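Heavy-atom basis, side chains included; hydrogens, waters and symmetry copies ignored. On a predicted model such as this, the values are computed, not experimentally measured, just so you know.
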Amino acid sequence: MASRLLASKAASYLRVSVFHRSFSSVVKDLKYADSHEWAKVDGSSATIGITDHAQDHLGDVVYVELPEVGAAVKQGDSFGAVESVKATSDINSPVSGKVIEVNEKLNDSPGLINGSPYEKGWIIKVEMNEADEVDSLMDSATYTTFCEEEDTH
């Protein structure tokens with residue numbers, strides 16, 4: 001990160017344009033929504049979080065608005081928000097169902113989303129109502145292409 005900053009300052013001083021390409025990680029066995037949330041399906045439940053691509057674009061996460069256990073979530077609808085040093089962004093559920101667990105560690109350590117978006121930075125676990133909704137989500141290869149195309153625009 002420091003080398004990127006130094007390169008930018010040097011490029012600015014020399015009036016040279018620099019293109020930063022961020023290589024976000026995508027986990028193979030997850031499903032992805034076009035709003036940059038992921039779902040790890042295990043039977044009739046799904047663990048949900050935001051993608052590495054999303055956290056990279058948001059910057060340092062400083063607050064996460066979590067739903068209550070028992071709350072209903074609907075595919076494509078917001079269930080919370082992530083606030084970063086750059087912006088606040090809604091978190092949309094990639095599947096419908098009932099929240100069965102929330103990652104309480106995010107209350108004290110919201111930066112877990114930046115440091116470990118697919119493991120320690122998960123946001124909620126949902127008991128799914130309609131398991132076939134997962135079929136409408138992207139696999140890792142499709143999501144990677146989606147992000148590359150989005151970044152070029």
Exercise. Partners of Tyr63 by side-chain contact (heavy atoms from CB on, under 4.5 Å), sequence neighbours excluded?
Worked result: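 Result, side-chain contact (heavy atoms from CB on, under 4.5 Å) vs Tyr63: Glu65, Glu83.
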
I'd like to know if the side chain of [X] reaches the main chain of [Y], judged simply by a donor and an acceptor atom lying under 3.5 Å from each other, with no hydrogens or angles considered.
X: Asn114; Y: Gly59; answer: yes
X: Ser84; Y: Ala87; answer: yes
X: Asn92; Y: Ser78; answer: yes
X: Ser109; Y: Gly111; answer: no

Exercise. Is it the case that Lys125 places NZ or CZ above or below the six-membered ring of Trp122, under 6.0 angstrom from the centre and within 45 degrees of the axis?
Worked result: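 That pair qualifies as a cation-pi contact.
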
For this session: Output all residues satisfying ring pair (Phe, Tyr, Trp, His ring centres under 6.0 Å) with Tyr143, sequence neighbours left out; order by chain, then residue number.
Result: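 Ring pair (Phe, Tyr, Trp, His ring centres under 6.0 Å) check on Tyr143 returns Tyr32, His36.
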
For this session: Kindly write out the residues that satisfy ring pair (Phe, Tyr, Trp, His ring centres under 6.0 Å) with Tyr118, not counting sequence neighbours, or none if the list is empty.
Result: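 For Tyr118, the residues satisfying ring pair (Phe, Tyr, Trp, His ring centres under 6.0 Å) (neighbours in sequence not counted) are Trp38.
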
List the atom of [X], the atom of [Y], and the distance in Å for their closest heavy-atom pair.
X: Val64; Y: Pro110; result: CG2-CB, 4.0 Å
X: Ser45; Y: Ile100; result: CB-CD1, 4.3 Å
X: Ser140; Y: Val27; result: CB-O, 3.6 Å
X: Val102; Y: Pro67; result: CG1-O, 3.3 Å
X: Asn103; Y: Gly121; result: ND2-C, 4.1 Å

Hey, what do you get for [atom1] ([X]) to [atom2] ([Y]), rounding to the nearest 0.5 Å?
X: Asp34; Y: Cys147; atom1: CG; atom2: SG; result: 10.5 Å
X: Lys31; Y: Asp139; atom1: NZ; atom2: CG; result: 5.5 Å
X: Glu68; Y: Ile124; atom1: CD; atom2: CD1; result: 12.0 Å
X: Glu37; Y: Ser93; atom1: CD; atom2: OG; result: 8.0 Å
X: Met128; Y: Gln75; atom1: CE; atom2: CD; result: 10.5 Å
X: His53; Y: Ser25; atom1: NE2; atom2: OG; result: 11.5 Å

Between [X] and [Y], is there a shared hydrophobic cluster once you connect ILVMFWY residues whose side-chain heavy atoms come closer than 4.5 Å?
X: Leu106; Y: Val73; value: yes
X: Val61; Y: Leu66; value: yes
X: Ile113; Y: Val99; value: yes
X: Val41; Y: Ile50; value: yes
X: Leu137; Y: Phe79; value: yes

For this session: Can you establish whether the number of heavy atoms outside Asp135 located under 6.0 Å from its atom CG is more than 12?
Result: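 Atom CG in Asp135 is crowded, with more than 12 foreign heavy atoms closer than 6.0 Å.
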
Problem set entry | Over 12 non-hydrogen atoms of neighbours within 6.0 angstrom of CD in Glu119 |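 No, not enclosed.
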
Problem set entry | Residues Ile123, Ile48; criterion side-chain contact (heavy atoms from CB on, under 4.5 Å); working and verdict | CA-CA 6 Å; Ile123 299 171; Ile48 296 168; 5.6 Å; no

Exercise. Between Glu148 and Thr144, does a side-chain contact (heavy atoms from CB on, under 4.5 Å) hold up when you go through it step by step?
Worked result: CA-CA 6 Å; Glu148 288 169 352; Thr144 298; 3.7 Å; yes

For this session: Would you please say whether a donor-acceptor pair under 3.5 Å links the side chains of Glu127 and Ser44?
Result: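 On atom types as modelled, these side chains qualify, holding a pair under 3.5 Å.
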
For this session: Could you check Thr88 against Val82 for side-chain contact (heavy atoms from CB on, under 4.5 Å), going step by step and ending with a plain yes or no?
Result: CA-CA 6 Å; Thr88 298; Val82 176; over 6 Å; no

Problem set entry | Val85/Val62 under side-chain contact (heavy atoms from CB on, under 4.5 Å): CA gap, chis, key distance, verdict | CA-CA 7 Å; Val85 294; Val62 296; 4.0 Å; yes

For this session: Determine whether Thr51 and His57 make a side-chain contact, defined as any pair of heavy atoms from C-beta on separated by less than 4.5 Å.
Result: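 No, their side chains stay 4.5 Å or more apart.
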
